[in-house]
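First the structure, in the form of structure tokens, and then the observations on it.
Only this structure's heavy atoms are used, side chains among them; waters, hydrogens and symmetry mates stay out. Each chain gets a letter, A, B and so on, in the order the sequences are listed, and its residues count up from 1.
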There are 2 protein chains.
Amino acid sequence: MPAHRHGHEPLASLTRRLRGKNRRVTGPRQAILDLLRQQAHPQAIKQIHSALPPGECDLATVYRSIRILEQAGMVQRFDFGDGVARFELIGDGDDAHHHHLVCTQCDVVVEIDDCFPAQLEQKIARRNGFINLTHKLEFFGLCPSCQPA
Amino acid sequence: MPAHRHGHEPLASLTRRLRGKNRRVTGPRQAILDLLRQQAHPQAIKQIHSALPPGECDLATVYRSIRILEQAGMVQRFDFGDGVARFELIGDGDDAHHHHLVCTQCDVVVEIDDCFPAQLEQKIARRNGFINLTHKLEFFGLCPSCQPA
DNA sequence: ATCGCTGCAAAAATTTTGCAGGTAA
DNA sequence: TTACCTGCAAAATTTTTGCAGCGAT
């Protein structure tokens, strides 16, 4: 199983990590973590907020909490090019770096384990005099269900 | 010279293309096209607007024009992961598809000609039953000027 | 008992839309 | 002439911030 299939880290472990970062474990934060824990794919802020029980967590708190979690390295931001940021939990010890394949029609998301070839990335770095290269990479296409017969 | 170095297509050629798409050539549109023509790298809406002579073009018109140009296939949208969409002119007959290398400190941008290996992309498509794959790919790192001595 | 966190509300920032007049073709 | 386009202003979104009270530690 790929390292980023994080869905089974217990909530208790997540809150422990948060506490370890000198952050308080509160109701809204547990709710957000538990929600992300059960989602296989990146979630938008509004998705997170509306998936939570009404009154469980203010929208502003979702914004603030996601930022905290991102700074704590527990959540990763993804961009599918539609202007809406989406967030995914990073499992403890996971290699956070991975990519997605998104259906342009139905928006279904598949996690991808392939990555941009490291040696080619190195070559790009060297050629341009850059160091510490990383990249963002997302794939788009038509999923099986959306393909014309 | 890479196909996407579009900076030298004359304004007249651009307006001709626009007219060919059944769109009118107006003052604001010429101003935007001429600006993008002189920019080597993707520009944000606000950048475009504030770079134009005051009163030359309303902000709402920039939004509307960029959308028109995007629909006409004359402009390409890029996402550097900071939530701000940026737009770059597509030269006539250019292969629009390319990527960037962005300095995480000073935001300098370098255009990259390397691409994700086609055969690996094909493999990802096949493995997941997807067709018509494309991708978005941007690199980030520390440029020569921003590297510690 | 702290001091961080939350809800609520207001503000700020971003993007879209309605409309009446102007203009490219 | 006829649509398309524009500026202006208002509205709709999205995100951030101030503040007083609450609560995790």
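- A ring-centre distance under 6.0 Å is found for B:Phe80 and B:His100.
- Taking CZ from B:Arg17 and CZ from B:Arg23, the interatomic distance works out to 15.0 Å, rounded to the nearest 0.5 Å.
- Whole-Å rounding puts the A:Lys21 NZ to D:dT25 P distance at 17 Å.
- Judged by closest nucleotide on DNA chain C, A:Pro28 is the one of B:Ile45 and A:Pro28 placed further toward the 5' end.
- Taking atom CG of B:Asp58 as the reference point, atom C1' of D:dC5 lies 12 Å away to the nearest angstrom.
- In this structure, A:Asp82 atom CG and D:dT14 atom P are separated by 11 Å, rounded to whole Å.
- Each of A:Ser65 and A:Ala60 was matched to the nucleotide of DNA chain C holding its nearest heavy atom; the match closer to the 5' end belongs to A:Ser65.
- For the pair A:Tyr63 and D:dT16, the criterion of a side-chain N or O lying under 4.0 Å from OP1 or OP2 is not met.
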Please write out the pairs of protein N or O atoms and N or O atoms of nucleotides 19-24 of chain D separated by less than 3.5 Å, giving the distance to one decimal.
residue, atom, partner, partner atom, Å
D:dG23, N2, A:Arg24, NH1, 2.7

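- Protein chain B touches strand DNA chain C; the 5'-most and 3'-most nucleotides with an atom under 4.0 angstrom of its non-hydrogen atoms are C:dT14 to C:dA25.
- Rounded to a whole Å, the CD atom of A:Glu70 is 14 Å from the C1' atom of D:dT15.
- A salt bridge links A:Asp114 with B:Arg127: at least one charged nitrogen is closer than 4.0 Å to a carboxylate oxygen.
- No side-chain heavy atom of A:Lys136 sits under 4.5 Å from any side-chain heavy atom of B:Lys136.
- A 4.5 Å side-chain heavy-atom check between B:Phe87 and B:Pro42 finds every atom pair outside the cut-off.
- B:Glu56 comes within contact range of the sugar-phosphate backbone alone, with a heavy-atom separation under 4.0 Å but no base atom that close.
- Atom C1' of nucleotide D:dT6 and atom CZ of B:Arg23 are separated by 14 Å, given to the nearest angstrom.
- A heavy-atom distance below 4.5 Å is found between the side chains of A:His97 and A:His99.
- In this structure, B:Asn22 places its CG atom 10 Å from P of D:dC4, rounding to the nearest Å.
- Residues A:Cys115 and A:His135 meet the side-chain proximity criterion, which asks for heavy atoms closer than 4.5 Å.
- Close placement of the B:Phe116 and A:Phe139 rings is indicated, their centers lying within 6.0 Å of each other.
- Looking at A:Thr15, A:Leu14, A:Thr61, A:Ile68 one by one, the single match for side chain to side chain contact (heavy atoms under 4.5 Å, CB included) with A:Arg29 turns out to be A:Ile68.
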